Novice: 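What follows is a structure written as structure tokens; I'll ask about it next.
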Protein chains: 2
Amino acid sequence: MSTPAKTPAPGPETAERTGQHAPPVPAPKRRVGRPTKRVLSRRLILETGLRLIDERGAHGVGMRAIASELGVRPSALYNHVAGQAELIAGVRELISDRIATDMFASEPWDAALAGWATHYRNTFAAHPPTIALLATLPLAEESVTSQMYETVIDALVRAGWPGERALTLMVALESFILGSALDLAADDGMLDPGPRRDVPAFSAAYAERAGVLAASGGRAADAAFELGLRALLTGFRAEYAALGLRPRER
Amino acid sequence: MSTPAKTPAPGPETAERTGQHAPPVPAPKRRVGRPTKRVLSRRLILETGLRLIDERGAHGVGMRAIASELGVRPSALYNHVAGQAELIAGVRELISDRIATDMFASEPWDAALAGWATHYRNTFAAHPPTIALLATLPLAEESVTSQMYETVIDALVRAGWPGERALTLMVALESFILGSALDLAADDGMLDPGPRRDVPAFSAAYAERAGVLAASGGRAADAAFELGLRALLTGFRAEYAALGLRPRER
DNA sequence: GACCGTAAAAGAACCCTGTTCATTTACGAG
DNA sequence: CTCGTAAATGAACAGGGTTCTTTTACGGTC
């Protein structure tokens with residue numbers, strides 16, 4: 001089961017069992033020296049990293065695991081990526097790049113914010129193990145993320161928000177988004193109190209929520225995200241009104 | 001440099017240079033076998049772990065580092081702690097235990113929530129490196145955290161919130177708190193766009209905020225937390241009113 | 001009081017990381 | 001044709017967590 005019919009070639013059959021997952025490519029059997037055809041690229045490495053995270057969890061982002069998956073020795077990766085930290089940052093960019101911002105061009109600021117937040121969270125939610133991995137990382141400079149921020153800030157400023165308030169608002173909203181993504185990544189029954197008699201109100205509320213969710217078929221994390229997002233936007237609109245803001249002339 | 005001049009003495013003076021930080025205790029020089037006086041305890045290990053995280057960052061929570069700090073071989077730790085994962089969970093409990101909840105006994109639900117959220121965030125903020133480490137961890141069952149939840153839920157239910165809504169609301173607020181703590185842990189200039197000409201609105205807003213913060217002397221993350229918290233509470237109060245809720249009779 | 005199971009330490013290994021280095025080979029420009 | 005450079009292998013290294021054996025001390029029992 002573990003030794004997959006090694007080809008009886010006379011050459012040294014190295015690079016055989018580096019990881020415990022069977023490599024999809026049967027046996028690259030590359031000999032030493034620069035290969036005729038390019039084997040790796042930064043892009044390929046990052047995408048393989050993301051795929052392995054999805055398939056095997058956060059544990060799958062190891063240099064050796066990625067190398068093994070690509071049929072390559074670990075040291076080969078360092079010709080394209082500086083190290084593991086940069087690799088993870090690259091994967092983050094890969095995901096961030098998919099967050100849509102087109103709603104800011106067509107919808108009013110508050111509706112656009114709601115759509116953006118939802119899409120933002122869902123994009124990370126599509127790769128649960130990455131959330132804990134990526135949420136804690138500082139943003140790389142010169143990142144595409146800055147362009148996403150540009151779109152958001154620009155829309156808010158056009159709606160009348162002072163630049164400083166717009167930035168603060170966006171950061172607050174993003175904090176909620178990332179926190180919600182973490183909550184989503186955690187197990188559903190994470191805060192199940194279990195059969196305890198010392199936390200009656202908590203236990204009762206938990207059971208009650210379980211009933212509601214079973215009836216509606218939704219996820220607990222989704223309900224919390226929707227409630228929080230709704231409350232945040234209500235608060236933002238109140239602030240908008242209290243400041244007497246109006247959309248700028250264009 | 002790597003082979004540290006082993007002393008030619010006949011006596012085995014081991015446990016000398018395990019880490020690169022000088023241990024505060026000069027040299028325990030303990031010989032093999034069970035010591036006369038207890039050296040370790042679960043509590044001592046956890047507190048040392050927290051202290052090392054504070055002093056050296058998230059990197060300081062290694063088993064070998066803690067052992068070295070305590071003047072002990074790494075394997076000795078396993079007599080008191082199952083492994084690193086349990087250790088980190090223990091440190092989390094250590095911190096969570098300090099989150100105050102007394103405001104729920106004396107203040108109305110919305111003011112209490114605000115005070116709790118602020119204290120919650122500040123408690124984690126007192127140990128910045130821990131945030132990324134602990135925020136991603138699932139809660140241990142039977143944890144003291146459940147009692148904190150009990151207090152919060154109980155107060156909300158007494159205020160008239162249905163149990164299910166109370167729980168959802170608390171999870172939403174906690175998501176915001178943890179997200180804000182992550183934001184706080186990140187570097188202050190984390191999303192500095194730098195001298196880029198392709199993100200004008202973002203750059204302008206960033207510069208404007210820098211001016212405001214310089215004048216007020218506050219931190220960026222604090223402003224975002226306060227704005228978001230205020231907005232959330234406004235939204236929660238609106239929901240409370242829309243549902244026609246009233247405090248329960250006691 | 002001698003005995004014995006158990007607790008708690010040292011110490012030595014094991015395996016798995018990320019990373020670096022020397023080596024080998026191919027490509028591409030002058 | 002030659003030479004510098006890019007891109008792979010292969011062999012290390014340092015440093016993690018963890019486990020296993022050994023040694024010693026404690027605490028209860030006949």
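Small disclaimer: the values here were computed from a predicted structure and weren't measured. Proteins get letters first, then strands, A, B, ... in listed order; numbering begins at 1 in each.
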Novice: Report each atom pair, protein N/O against N/O of nucleotides 17-19 of chain D, whose distance is under 3.5 angstrom.
Specialist:
| unit_1 | atom_1 | unit_2 | atom_2 | d |
| --- | --- | --- | --- | --- |
| D/dG17 | OP1 | B/M63 | N | 3.0 |
| D/dG17 | OP1 | B/Q84 | NE2 | 2.7 |
| D/dG17 | OP2 | B/M63 | N | 3.0 |
| D/dG17 | OP2 | B/R64 | N | 3.3 |
| D/dG17 | N7 | B/R64 | NH1 | 2.2 |
| D/dG17 | O6 | B/R64 | NH1 | 3.2 |
| D/dG17 | O6 | B/R64 | NH2 | 3.1 |
| D/dT18 | OP2 | B/Y78 | OH | 2.8 |
| D/dT18 | OP2 | B/Q84 | N | 2.9 |
| D/dT18 | O5' | B/Y78 | OH | 3.3 |

Novice: In chain order, what residues pass the ring-ring contact (aromatic ring centres under 6.0 Å, His included) check against B/F124, with sequence neighbours excluded?
Specialist: B/Y120

Novice: Look at A/H80 and D/dA8 and indicate whether a side-chain polar atom (N or O) is within less than 4.0 Å of OP1 or OP2.
Specialist: yes

Novice: Would you confirm whether the ring centroid of B/Y149 sits within less than 6.0 angstrom of the ring centroid of A/Y206?
Specialist: no

Novice: Residues in side chain to side chain contact (heavy atoms under 4.5 Å, CB included) with A/V32, at least two apart?
Specialist: none

Novice: Do B/L52 and B/V61 make a side-chain contact, defined as non-hydrogen atoms from C-beta onward lying under 4.5 Å apart?
Specialist: no

Novice: Indicate, with a heavy-atom threshold strictly under 4.0 Å, whether B/A76 touches base, sugar-phosphate, or nothing.
Specialist: sugar-phosphate

Novice: Mind calculating the distance between CZ (A/R73) and P (D/dA11) to the nearest angstrom?
Specialist: 8 Å

Novice: Assess whether a salt bridge exists between B/R51 and B/E47, defined as any Lys/Arg side-chain N lying under 4.0 Å from an Asp/Glu carboxylate O.
Specialist: no

Novice: Between P on C/dT17 and CG on A/L87, what's the gap in Å once rounded to a whole number?
Specialist: 15 Å

Novice: Take atom CG of A/L70 and atom C1' of D/dA8, then tell me their distance rounded to the nearest Å.
Specialist: 13 Å

Novice: Output the rounded distance in Å from CZ (B/R30) to P (D/dA25).
Specialist: 13 Å

Novice: Whole Å only: how far is the CG atom of A/N79 from the C1' atom of C/dT19?
Specialist: 13 Å

Novice: When you compare the side chain of B/W116 with that of B/I99, does any pair of heavy atoms fall below 4.5 Å?
Specialist: yes

Novice: Walk along nucleotides 23-30 of chain C from 5' to 3' and tag each nucleotide B, S or - by protein heavy-atom contact under 4.0 Å, base first, then sugar-phosphate.
Specialist: -BBBS---

Novice: Which salt bridge (charged side-chain N to carboxylate O under 4.0 Å, His left out) pairs, counting each pair once, include a residue from residues 121-133 of chain B, with sequence neighbours left out?
Specialist: B/R121-B/D222

Novice: What side-chain hydrogen bond (donor to acceptor under 3.5 Å, both in side chains) pairs are there with at least one residue in residues 75-87 of chain A, not counting sequence neighbours?
Specialist: A/R42-A/E86

